[in-house]
Amino acid sequence: MTLFNLTESELRRRTSLKWNVFDPDVLPLWVAEMDVRVLPEVVQAVTEALELGDTGYPWGTRYAEAYAELADQRWGWRPAPDQLRRSGDVMNAILSLLLGNTAEGDHVALNPPVYQPFWQVIEGYRRHVTQVPLTDAGRLDLAALEHAFTGPAAPTAYLLCSPHNPTGTIHTPEELSAVARLCREHDVLLVVDEIHALLVDPGATFTPILSLPDAQDAVVTFSAGKGWNLPAFKAGLYVRGTDAARFVDALPPLANQSTGQMATIAHTAALRHGQAWVDAVMAEVADHKTLLADLLAEHLPGVTYRRAPGTYLAWLDCSALGLASPRTHFLAHARVALNSGSDFGPGYGQFVRLNLAASPALITEAVERMAASLR
Ligand SMILES: Cc1ncc(COP(=O)(O)O)c(C=O)c1O
């Protein structure tokens, strides 16, 4: 039974971002929301809490314990209780870490193409981005990173996306260890966003950076919001390396006050009861990746898709189509909404990001419409 079983009219009744920004004739394959129902155990936990009137302030360490338990079961690594601290959500955790540990005018390294709010959380707060692009194969460029760490725009912090949004790259343990060693050597705070940690193809191995001995200076931000499609419930965790207490101690006041009680309950239920569910979602998404590759080969051979094992996002190179802006063209002429590559860094305007957490029927219709728009 498919988990992507909501009808289009049900999805159009939703009030969240994905299905509302564009006109009703547009197929929305953009922002990272999933077209799935909520894990039943989350519904049950939230319903019970509402019936009890359990709607006060959050308290305790249940979310942290559920994360530690999952990390142990899934990755064979278990953070100690003092390594975990609650946050409001991932982007606010990153903002707080940067505000507490870097100064105005500092540089922060990023790996374009990368999730747009990473740019905003730096440039919007009077810091500067040091760009260290992924290689053409979508991998971390260790030589370029070392070069950047010793150059004129040497950063005081480095924000790594693991797995990487939008390319779906899963960094290897060797890459992660090398990055962590470089950061330690050059006194760069390593902040790693692992919100996509559960979203990997069947059989693919994700390595939590803090399971590596070389990476104990790093601070990870995590939330169950992405893996179980719960961004409506704002909560998250800081997970610090065993040598990284000073970075969490430097968080500004109120940095951890915005965690929602209901969100804590929802995320905890997802972490405790939702591993088989997220694996089932990603098994379907793996089929959607194959479907997309086949559809593109048949209808849109000018679009290059390098399939990657992480995330439910597809990063498509449309340069061969000769369009001024692929995203604008497909919205106007195919009535398909995608994310523009330009949101992920300068120079990526010929790319689009397509969200595969949708039904096969929707993906098929979108690609057929995109092909027809070029004829
Ligand atoms: C890499 C990455 N980080 C953070 C977020 C947002 O997380 P939050 O809502 O917890 O701030 C997303 C959402 O898509 C994401 O892709």
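Both ligands and their constituent atoms are indexed starting at 1 by order of listing. Here the structure is a predicted model, which is why all the values come from computation and not from measurement. Residue numbers run from 1 in the order of the sequence given.
- Trp30 and Leu11 fall into different hydrophobic clusters, where Ile, Leu, Val, Met, Phe, Trp and Tyr are joined by side-chain heavy atoms under 4.5 Å apart, directly or via other members.
- Ranking protein heavy atoms by distance to atom 7 (O) of ligand 1, first place goes to Ile195 CD1, 3.3 Å.
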| message | If you apply the rule side-chain contact (heavy atoms from CB on, under 4.5 Å), what do you find for Trp119 with Val129, and how did you get there? | response | CA-CA 7 Å; Trp119 301 80; Val129 171; 3.7 Å; yes
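- The atoms of ligand 1 that sit less than 4.0 Å from any heavy atom of Cys161 are 1 (C).
- Atom CD1 in Ile195 sits 6.0 Å away from atom CG in Asp193 (nearest 0.5 Å).
- At the top of the distance list for atom 6 (C) of ligand 1, counting protein heavy atoms only, stands Tyr115 OH, 3.4 Å.
- Short contacts between ligand 1 and Lys226, defined as distances under 4.0 Å to a heavy atom of the residue, involve ligand atoms 13 (C), 14 (O).
- Checked against a 3.5 angstrom limit, the closest N/O atoms of Ser223 and ligand 1 fall outside it.
- Annotation: Met91 places an N or O atom under 3.5 Å from an N or O atom of ligand 1; distance criterion only.
- Lys234 NZ, 2.9 Å is the protein heavy atom nearest to atom 9 (O) of ligand 1.
- Contacts between Asp89 and ligand 1, counted as non-hydrogen atom pairs separated by less than 4.0 Å, involve both the backbone and the side chain.
- In this structure, the side chain of Lys18 engages the main chain of Glu33 through a donor-acceptor pair within 3.5 Å.
- Contacts between Pro117 and ligand 1 below 4.0 angstrom, taking non-hydrogen atoms only, are absent altogether.
- Under 3.5 Å, the side chains of Asp106 and Thr156 contain a donor-acceptor pair of N or O atoms.
- Close approach of ligand 1 to Asp193 (heavy-atom distance below 4.0 Å) involves ligand atoms 1 (C), 2 (C), 3 (N), 4 (C).
- Judged as a side-chain contact (heavy atoms from CB on, under 4.5 Å), and not counting sequence neighbours, the contacts of Glu48 are Gln44.
- Heavy atoms of Gly236 stay at 4.0 angstrom or farther from ligand 1.
- Remark: ligand 1 atoms within the under-4.0 Å shell around heavy atoms of His196 are 1 (C), 15 (C), 16 (O).
- By the 3.5 Å distance cut-off applied to N or O atoms, Val90 is counted among the residues near ligand 1.
- Screening Thr167, Thr169, Asn111 for a side-chain contact (heavy atoms from CB on, under 4.5 Å) involving Arg139 leaves a single residue, Thr169.
- We find that Asp243 and Arg184 are joined by a salt bridge, their nearest charged nitrogen and carboxylate oxygen being less than 4.0 Å apart.
- Here the two rings, on His196 and Phe206, have centers that are 6.0 Å apart or farther.
- For a threshold of 3.5 Å applied to N or O pairs, the pair formed by Asn92 and ligand 1 contains no separation below that value.
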